[in-house]
Each structure stands twice: as structure tokens, then as C-alpha cells.
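Beneath this line is the structure, given in C-alpha cells, with notes to follow.
In listed order, ligands and their atoms are each counted from 1.
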Amino acid sequence: MEKTYVMIKPDGVQRNLTGEIINRFEKKGLKLTAMKFLRLSPEQAEAHYQEHVGKKFYDGLISFITSGPVVAMVWEGENAVSAARKLMGSTNPAEADPASIRGMYGLDLGRNIIHGADSVESARREIAIYFQTGELISYEKNIDQWIYE
Ligand code: DAT
Ligand code: MG
């Protein structure tokens, strides 16, 4: 089953959206595989956002993402990467579907509440920054028969 990396950013934690966000992912039918509450080190932040090095928003992004605790999660399911991105909504909350997490709770591009990996390959790379292999839990849920044909 496909896995994706999702992270509630410092603004999402501060704004008490943690429970709401986890609730939405659970109700979608995705399965929680790993979860950690942590404050990113500068090294983790730089590894996470390496694709954005040199962009004008990079320094602000690194200082924001290390400014407070985050919730790091791995969610598993059919097409988990794109399912998570759809739940989150597009990058700029001002343009995101209003029913999405960013669309419903955000206003500003630099405070968009949640991160989700953009491909299976990015998910693999990002999961490895935050979790060791043994920290991903593989388990069955009886409800799966009501989620998948
Ligand atoms: P996403 O988080 O949807 O994958 P991204 O990878 O393009 O978006 O950018 C990473 C984060 O950087 C994004 O969530 C918010 C911030 N960001 C992106 N473009 C920005 C910009 N032009 N100005 C300020 N922050 C930006
Ligand atoms: Mg991205």
C-alpha cells in the first residue's frame, strides 16, 4: 500500500488544528502508520526543504518550520500521496478548495498549516528524515473491508 508523509506545521499546532486534521485523515480511510511530535532541528528542516534552497522564501520557510513543534505522520492507503494532497488543498490557501484543510483554515501562503509529500519518491525521502524503518507500524484494521472493495 502507498505511504505518504504528512506534517502539521507549527501554525497548525499553535492554532489547535491537530485533532481536526488527524480526524479528517482518519475519516478519509487512510491508516496511521507512524506519528511523532517534535521540533525540527535546522538540519532536519534543511533536509526536508532541500528542493527550495536558493528561492526567495527559503530562509523564512526554514525559520518558520523550526519555530515550534510539529506533528510528523505517515499515512497509508490507496493513492495515499494524492489523497493527502487533495485533503490539504493547493499550496496557497487563498486559492485552495474551501472544503480542504488549507482552504478552510488558511489565508496566507507562508502559513498554510500542513505539509504533504508531492510524490511517492518524495514521501520515501521525507519519511526517512523523520522515522527509522522500525518506527513504521504495519497492522490490519477490520474496517478496511468497508473502505476498499
Ligand atoms: P507544498 O507545501 O504545497 O508542497 P511547495 O513545496 O511549493 O508547496 O512549497 C513549500 C512551502 O513553502 C509551502 O507550503 C509554503 C512555502 N512557499 C512556497 N512558495 C512560497 C512563496 N512564493 N512565498 C512564500 N512561501 C512559499
Ligand atoms: Mg512541496
For this session: Under the side chain to side chain donor-acceptor pair (under 3.5 Å) rule, collect the residues that match up with Lys86, sequence neighbours excluded.
Result: none
Exercise. Given side chains that start at C-beta, do those of Glu26 and Lys31 come closer than 4.5 Å, heavy atoms only?
Worked result: no
For this session: Report the C-alpha distance between Ile114 and Phe25 in whole Å, list the side-chain angles of each, state the deciding distance to 0.1 Å, and finish with yes or no for side-chain contact (heavy atoms from CB on, under 4.5 Å).
Result: CA-CA 12 Å; Ile114 185 166; Phe25 278 77; 3.8 Å; yes
Exercise. Any cation-pi pair here, Lys36 with Tyr130, using under 6.0 Å and within 45°?
Worked result: no
Seminar exercise, completed: Sorted by chain and residue number, the ring-ring contact (aromatic ring centres under 6.0 Å, His included) partners of Phe64 (sequence neighbours excluded) come out as none
Exercise. If you look only at pairs with a residue in residues 95-112, which of them pass as a side-chain hydrogen bond (donor to acceptor under 3.5 Å, both in side chains), with sequence neighbours excluded?
Worked result: Lys9-Asn112, Glu20-Tyr105
Would you mind listing each N/O atom of ligand 1 next to any protein N/O under 3.5 Å, plus the distance?
| from | atom 1 | to | atom 2 | distance (Å) |
| --- | --- | --- | --- | --- |
| ligand 1 | 2 (O) | Arg102 | NH2 | 3.2 |
| ligand 1 | 3 (O) | Thr91 | OG1 | 2.5 |
| ligand 1 | 3 (O) | Arg102 | NH1 | 3.2 |
| ligand 1 | 4 (O) | Arg85 | NH1 | 2.9 |
| ligand 1 | 6 (O) | His52 | NE2 | 2.9 |
| ligand 1 | 8 (O) | Thr91 | OG1 | 3.4 |
| ligand 1 | 9 (O) | His52 | NE2 | 3.4 |
| ligand 1 | 14 (O) | Lys9 | NZ | 3.0 |
| ligand 1 | 14 (O) | Asn112 | ND2 | 2.8 |

